[in-house]
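Below, each value reflects all heavy atoms present in this structure, side chains not excepted, and no hydrogens, waters or symmetry copies.
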Amino acid sequence: MSAVRIEIDRSRCRGAGQCALHAPELFDQSEEDGMVVVLDDQPPPELLERARLAERLCPNSVIRVLDDEQSRGGPAG
């Protein structure tokens with residue numbers, strides 16, 4: 001299994017908190033503005049499904065879970 005990396009676009013975050021609710025090991029919300037905070041941008045394999053769930057549930061599509069190839073701009077897959 002290839003390594004993955006989590007990227008966020010904090011400028012689009014609206015603080016819905018679905019990421020922190022469904023993957024608290026990986027995400028939190030800032031006390032200052034309620035926006036997403038990534039706790040682990042390179043999650044271990046056992047947390048991959050939680051990262052992908054948070055990506056799917058984010059109402060503003062702020063979260064991207066990328067594998068090594070996608071991170072380098074290569075073909076996905």
Side-chain angles (χ1 to χ4, degrees):
M1 172 180 275
S2 64
V4 298
R5 186 169 52 87
I6 296 173
E7 287 185 353
I8 58 167
D9 182 350
R10 205 164 187 277
S11 69
R12 292 179 25 211
C13 182
R14 297 297 173 256
Q18 293 300 304
C19 55
L21 179 65
H22 293 284
E25 308 89 345
L26 300 173
F27 303 97
D28 199 355
Q29 288 179 274
S30 167
E31 289 187 25
E32 291 83 40
D33 59 11
M35 302 304 163
V36 63
V37 175
V38 178
L39 301 176
D40 186 352
D41 68 348
Q42 296 180 332
E46 61 269 17
L47 293 179
L48 177 58
E49 283 308 309
R50 284 189 174 269
R52 295 222 184 267
L53 176 63
E55 178 183 39
R56 286 191 308 272
L57 293 176
C58 179
N60 294 299
S61 301
V62 169
I63 301 166
R64 291 185 59 198
V65 180
L66 306 170
D67 66 22
D68 281 341
E69 294 255 337
Q70 291 170 311
S71 295
R72 291 188 304 260

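Apart from L57 itself, the hydrophobic cluster it occupies contains L53, where clustering links Ile, Leu, Val, Met, Phe, Trp and Tyr at side-chain heavy-atom distances under 4.5 Å.
The number of heavy atoms from other shown groups lying within 6.0 Å of CD (E46) is above 12.
The CG atom of L47 lies 7.5 Å from the CG atom of D40; values are rounded to the nearest 0.5 Å. In this structure, CD1 on I8 lies 11.0 Å from CE on M35, to the nearest 0.5 angstrom. To the nearest 0.5 Å, the span separating CG on L26 from CD on Q42 amounts to 12.0 Å. With rounding to the nearest 0.5 Å, the separation of NE2 in H22 from CD in E49 is 14.5 Å.
Between V65 and R56 there is no side-chain heavy-atom pair separated by less than 4.5 Å.
Summarising the geometry of R10 relative to D33, their closest heavy-atom pair is NH2-OD1, 3.1 Å, with the distance given to 0.1 Å. A54 and A23 get closest at one heavy-atom pair: CB-CB, 4.4 Å. Among all heavy-atom pairs drawn from P43 and V4, the shortest one is CG-CG2, 3.7 Å.
A search for side chain to side chain donor-acceptor pair (under 3.5 Å) contacts involving Q29 returns nothing, not counting sequence neighbours.
Of the possible donor and acceptor atoms, none in the side chain of R5 sits under 3.5 Å from a partner among the backbone N and O of D67.
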**Asked** Would L66 and E7 satisfy side-chain contact (heavy atoms from CB on, under 4.5 Å), going step by step from the backbone distance to the final call?
**Response** CA-CA 8 Å; L66 306 170; E7 287 185 353; 3.4 Å; yes

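Each of V37, L39, I63 was evaluated against F27; a single residue qualifies, I63, per the side chain to side chain contact (heavy atoms under 4.5 Å, CB included) test.
Counting only residues at least two apart or in different chains, salt bridge (Lys or Arg N to Asp or Glu O under 4.0 Å) contacts with residues 11-29 comprise D9-R12, E25-R50.
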